[in-house]
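Worksheet for the structure shown next.
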Amino acid sequence: MSCKKDNEGEGGPHHTELYGSTPKTSLPIVYHSDYNITFMGLEKLHPFDAGKWGKVIHFLKEEQFITDENIVEAREASEQDLLVTHTKRYLNRLKWSLVVATITEIPPLIFLPNFLVQRKVLKPLRTQTGGTIMAGKLAVERGWAINVGGGFHHCSGDRGGSFCAYFLFERVEGISTATIIDLDAHQGNGHERDFLDDQRVFIMDMYNRHIYPRDAYAKRAIKRRVELDWGTEDSEYLQKVELHCDGALNEVRPDVIVYNAGTDILDGDPLGGLSISPHGIVKRDELVFRAARRRGIPILMVTSGGYQKKTARIIADSILNLHHQGLIGPEREGLSSAATSPTSGPGSSGSALTAI
Ligand SMILES: [Zn+2]
């Protein structure tokens, strides 16, 4: 089950601060104000919102769904955590602005000088990554979790894009398979390269076929591939989401779903090239959660790409809709009672956790 034995001390998992216990009263929504990248004024010159994560939280507070006290504060992934999946060489590559701009899909980062990338961007990235790992554990315990950041799905280089799956495999007893549902507008070649020929991970990827990265080698890892054309609209898109989510989950029943909920599918996105409305995004997230919850499969959502000014409002609206639909919320902790697996149910997955 272990991924990289050379990174594990004395035969067990490496030490990490990311898997502490969380009060049962907290919602499994993970965030830290350190997620937000400040551009030193560059943000005013571009239509990119690299503070979207903080705004999502602001809107959720405004609607009184969350408070500072009832969500989970992310912790920064340490170098030791990152080395579970990344090589030192890869971590050094992150010092290049171009690499960071690519994996985050935030083009203005190219203009940041190296010392600012290190100071202003790597800490937010490490904190968001820590948040994804924490949310993975919470999803297994509670049936669902949302990291308000994370989802850097072009992250590979020397491999290691899907921290969450690696950590779950390493840490959580009973978690041996995962399905990644990647609905960001871009192909998720990072995690695909990670899991080429890895039978533990089933990847469904739905993306604009004409845009970056068009990584034919990585495509071999996709078990359910849905390629979209320029300007795809809501009705076709949502029909495909429903059809293929159900298809993927009927084909293989995973122990956990990692849902990459990129919002760069939104109409007008300068990178995505699709034409999905705000309502379409809300509906998409609902369809994915419904498919997971109906089957009683834990689901972790990360927010990934999409940085238009209105993106934060849409993500917040989507989370509120999931709550209104009864798909998430304090009253629905634990797995769905409609679970098809006889072994699932409130508490059962939590009790499978190894003591850390
Ligand atoms: Zn994207």
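All heavy atoms count here, side chains included; hydrogens, waters and symmetry mates do not. These numbers were taken from a predicted model, which means no experiment stands behind them. Whatever order the structure lists them in is the order used to number ligands and atoms, beginning at 1.
In this structure, the side chain of Arg290 does not engage the main chain of Gln325 through any donor-acceptor pair within 3.5 Å.
Nearest N, O or S atom of His186 to the Zn ion (ligand 1): atom ND1. The minimum distance between the Zn ion (ligand 1) and any N, O or S atom of Glu105 involves atom OE1. The nearest N/O/S atom of Asp184 to the Zn ion (ligand 1) is OD1. Of all the N, O or S atoms in Asp264, the one closest to the Zn ion (ligand 1) is OD2.
When the side-chain hydrogen bond (donor to acceptor under 3.5 Å, both in side chains) test is applied to Arg214, no partner is found at least two apart in sequence or on another chain. In this view, Glu63 and Arg313 satisfy the salt bridge (charged side-chain N to carboxylate O under 4.0 Å, His left out) rule, not counting sequence neighbours.
A donor and an acceptor atom, one from each side chain of His279 and Asp234, are nowhere located under 3.5 Å apart.
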